[in-house]
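What follows is a single structure, written as structure tokens, with notes after it.
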Protein chains: 2
Amino acid sequence: MKQDIRLSEVARAARVSIATVSNVINDKGRVSTATERRVRRAIEQLGYAPNLLARILKTNQSRLIGLVIPTARPGRLQDNPFYWDLLAGIEEGARDRDFHIILAGIEEGDETFAFVKERQLDGLIYVGASEEGGAVERVLELGVPCVFVDSYLRDARLYQVCLDDRLGGLLATQHLLELGHRRIAVLPGDIAPERLHRNGVLQERWSGYRLALEEAGVGYDPRLFMRYPTSMEGGLQAAAWLREAGDVTAVFSFSDISAMGIVKGLRQEGLGVPADISVIGFDDLCLSGYMSPALTTVSQNIVQKGLAAIRLLVDQIEQEAGFSRKVVLPVELKVRETTGTPA
Amino acid sequence: MKQDIRLSEVARAARVSIATVSNVINDKGRVSTATERRVRRAIEQLGYAPNLLARILKTNQSRLIGLVIPTARPGRLQDNPFYWDLLAGIEEGARDRDFHIILAGIEEGDETFAFVKERQLDGLIYVGASEEGGAVERVLELGVPCVFVDSYLRDARLYQVCLDDRLGGLLATQHLLELGHRRIAVLPGDIAPERLHRNGVLQERWSGYRLALEEAGVGYDPRLFMRYPTSMEGGLQAAAWLREAGDVTAVFSFSDISAMGIVKGLRQEGLGVPADISVIGFDDLCLSGYMSPALTTVSQNIVQKGLAAIRLLVDQIEQEAGFSRKVVLPVELKVRETTGTPA
DNA sequence: ATAATATAATTAAACGTTTAATCAACATAT
DNA sequence: ATATGTTGATTAAACGTTTAATTATATTAT
């Protein structure tokens with residue numbers, strides 16, 4: 001499909017040079033109103049649409065933003081509905097500001113990010129980057145504007161969007177403590193305690209959990225640290241463990257998706273939620289409020305997170321960057337039906 | 001960011017012409033092994049990455065695929081987790097075949113699809129296209145390979161991926177009939193009965209429903225046709241209506257997301273599921289099996305749907321199109337906990 | 001009337017590739 | 001020795017824009 005109408009044809013039709021047509025299109029002025037009208041009519045009649053590639057080649061502005069998301073199992077994006085809401089926000093914001101989103105699932109270890117240079121991307125939104133593996137360094141070397149979402153990178157010069165995760169952890173745990181729980185298990189994800197500090201999001205939520213315990217004068221028992229994948233399946237496994245444990249009366253899962261698995265699992269094991277065990281999650285997925293029983297959780301506005309990320313990035317691209325490089329979005333405790341006083 | 005290394009610099013370093021370098025890169029042969037080695041080393045040393053834009057400009061092959069998804073409320077992608085799974089499949093397939101996905105939320109009425117020509121997209125995957133509004137015609141005029149997902153367009157020349165929706169409707173309804181239900185309400189979505197034939201997916205599921213009733217000798221009562229949006233909220237409204245109706249013992253919702261709303265709503269209204277009313281959905285979202293009670297539903301493999309769509313499209317782009325233009329994926333009834341015998 | 005300036009349009013060179021056409025060098029066949 | 005063919009490399013034109021430099025024309029100031 002060779003371009004059917006190009007600048008030169010519009011120029012011929014309007015009896016002007018291609019430079020003039022270009023000037024009209026890009027509002028460069030230097031064109032009389034008479035010819036401008038002639039040109040516009042020609043564009044209209046021929047149904048001309050500019051070839052962005054040629055333009056980008058010349059101007060180096062692709063109006064294309066890469067959305068980088070690490071894949072989970074080899075090659076497939078993680079199956080957490082969380083991402084869809086995030087994407088909805090990002091896409092909406094991009095469209096408003098006349099950018100397009102290109103999706104790039106990557107395998108963090110061996111990704112070279114060649115596509116960024118090849119396609120001349122204007123910027124990158126990197127979700128859940130981890131400081132290990134060198135992927136972040138490789139991204140930064142590209143010299144392309146970048147916003148990191150949920151990444152907690154140490155370098156203060158980086159643009160980042162995250163949540164008040166620690167407060168979230170604090171609120172969740174305080175809520176359980178106030179209900180009278182003392183044996184509160186915690187499920188950060190598929191990660192060992194000693195590696196927790198490598199993952200900012202989990203680390204922060206964890207800090208909140210520990211802080212709340214401390215303030216309440218409740219000792220921390222390392223045996224209450226569970227390690228299962230962040231998925232429905234992981235939640236089921238956690239539930240099985242909880243029944244074995246026996247004395248646990250509440251669980252704080254760091255994500256709704258595994259919290260749902262836990263609720264499901266506990267009920268299958270014949271335990272009542274919240275009668276026997278209280279469950280609290282994190283995220284407030286659009287479904288969480290509609291489960292039966294409805295999930296108590298720490299709520300974040302995921303769509304807003306996406307919007308914030310794209311705004312930060314586009315401002316940066318268009319050199320309108322504000323003072324702040326880090327946006328911290330609020331959390332809110334949503335008490336619903338899966339938490340109650342211990343038996 | 002002007003391209004740091006270009007073909008000419010590699011050529012200079014290897015002491016050959018740029019044409020030769022190009023030939024090496026594209027494996028065109030006509031290069032002696034000695035110079036080839038020299039060139040490759042130069043590429044390696046300089047860290048050269050080709051500028052795809054320039055290449056595309058010349059070859060008209062962007063290796064870029066547009067994913068077109070109609071937006072719901074002004075400007076925002078619909079909040080149905082369904083799409084994330086679909087996207088995961090599409091993205092995985094695209095990466096395997098060395099394509100990238102560009103996301104395009106559109107407002108079906110006034111979309112001109114200018115971006116397709118502007119960015120020289122190689123192909124389009126259009127999800128849930130409707131025959132009204134002329135959007136499909138406008139897409140076809142572009143002359144770009146296209147695959148329609150869940151669209152049921154009449155034109156047999158079009159490439160389409162869909163589900164055996166009618167069978168799904170049939171199985172769901174038969175299941176309820178076999179349990180002994182006779183007053184079976186149906187919730188296709190926010191659409192009037194007389195406009196149902198405009199929406200292929202709903203129309204087909206509806207046909208299945210009617211067929212099952214007929215085979216069972218159960219008359220169809222138009223009052224059992226509900227009209228509420230395909231969302232949690234819509235489900236809640238449907239639940240309220242169901243309580244008013246009084247004599248309905250089962251509901252068939254054409255999507256899981258509203259089925260979940262119904263279950264939630266009925267329980268709020270003090271009705272038991274399935275004790276008082278059975279509920280069956282459609283989709284089998286990853287969460288559906290984990291709700292309490294777990295949702296009985298017609299299951300489809302959404303990720304596979306995405307993979308099928310991308311395969312069909314890429315085959316078409318690379319002129320390897322097979323004989324069949326239409327892929328119909330199977331459905332499966334998943335009986336779980338929200339259906340039972342009527343009281 | 002002439003010079004200086006502002007306005008409107010054109011020319012031509014880039015941007016970084018691919019590729020058809022061409023050429024040089026050499027081997028092989030007559 | 002000449003014609004023929006093969007192999008390996010180069011040249012130069014194209015892809016569809018933008019834009020700096022330039023020219024032509026009209027306007028204003030002296």
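Order of the sequence lines fixes the chain letters, A, B, ..., with proteins taken first and strands second; residue numbering starts at 1 for each chain.
Partners of A/Tyr83 under the ring-ring contact (aromatic ring centres under 6.0 Å, His included) rule, at least two apart in sequence or in another chain, are B/Trp84. Among residues two or more places apart in sequence or in another chain, the ring-ring contact (aromatic ring centres under 6.0 Å, His included) test is passed with B/Phe148 by B/Tyr126. Residues that satisfy the ring-ring contact (aromatic ring centres under 6.0 Å, His included) test with B/Phe99, not counting sequence neighbours, are absent from this structure. In terms of the salt bridge (charged side-chain N to carboxylate O under 4.0 Å, His left out) criterion, B/Glu118 has no residue partners (sequence neighbours excluded). Applying the ring-ring contact (aromatic ring centres under 6.0 Å, His included) criterion to A/Tyr152, with sequence neighbours excluded, gives no partner residue.
Under 4.0 Å is where a charged nitrogen must lie from a carboxylate oxygen, and between A/Arg6 and A/Glu9 at least one such pair does. Taking 4.0 Å as the cut-off between side-chain N and carboxylate O, A/Asp27 and A/Arg40 count as a salt-bridged pair.
Listed pair A/Asn60 / C/dC15 fails the phosphate criterion, with no side-chain N or O lying under 4.0 Å from OP1 or OP2. For the OP1/OP2 pair of D/dT10 and a distance below 4.0 Å, the side-chain nitrogens and oxygens of B/Thr20 include at least one atom meeting the criterion. At least one side-chain nitrogen or oxygen of B/Ser32 sits closer than 4.0 Å to the OP1 or OP2 atom of D/dA9. OP1 or OP2 of C/dT18 lies within a sub-4.0 Å distance of a side-chain N or O belonging to B/Ser22. Between A/Thr59 and D/dT17, a side-chain N or O to OP1/OP2 separation shorter than 4.0 Å is absent.
For A/Lys58, taking side-chain heavy atoms from C-beta onward, the closest of the listed nucleotides C/dA9, D/dT10, C/dC15 is C/dC15. Distance from the side chain of B/Leu7 is smallest for C/dT18 among the nucleotides C/dT11, D/dT10, C/dT18.
Following rounding to the nearest Å, A/Ile56 (CD1) and D/dT18 (P) show an atom-to-atom distance of 11 Å. Between B/Leu52 atom CG and C/dT17 atom P the separation is 9 Å, expressed in whole Å. Taking atom CZ on B/Arg30 and atom P on C/dA25, their separation rounds to 18 Å, with Å as the unit. As rounded to whole Å, 10 Å separates atom C1' of C/dT18 from atom CG of B/Leu57. In this structure, CD1 of B/Ile5 is placed 10 Å from P of C/dT17, rounded to the nearest angstrom. Counting to the nearest Å, the C1' atom of C/dT18 and the NZ atom of B/Lys28 are 8 Å from each other. Protein atom CG of B/Leu53 is 22 Å distant from nucleotide atom P of D/dA14, rounded to whole Å. B/Ile18 places its CD1 atom 10 Å from the P atom of D/dT11, with the value rounded to the nearest Å.
Of the possible polar contacts, one joining the A/Asp122 side chain to the A/Ser62 backbone as a donor-acceptor pair under 3.5 Å is found.
Nearest-nucleotide positions on DNA chain D place B/Arg15 closer to the 5' end than the other of A/Asn26 and B/Arg15.
Using a 4.0 Å heavy-atom distance criterion, B/Arg55 is classed as a sugar-phosphate-only contact. Across all strands, B/Ser8 comes closer than 4.0 Å to no nucleic acid atom at all (heavy-atom distances).
The end-to-end axis angle of the helix from C/dA1-D/dT30 to C/dT30-D/dA1, rounded to 10 degrees and based on five pairs per end, is 60°.
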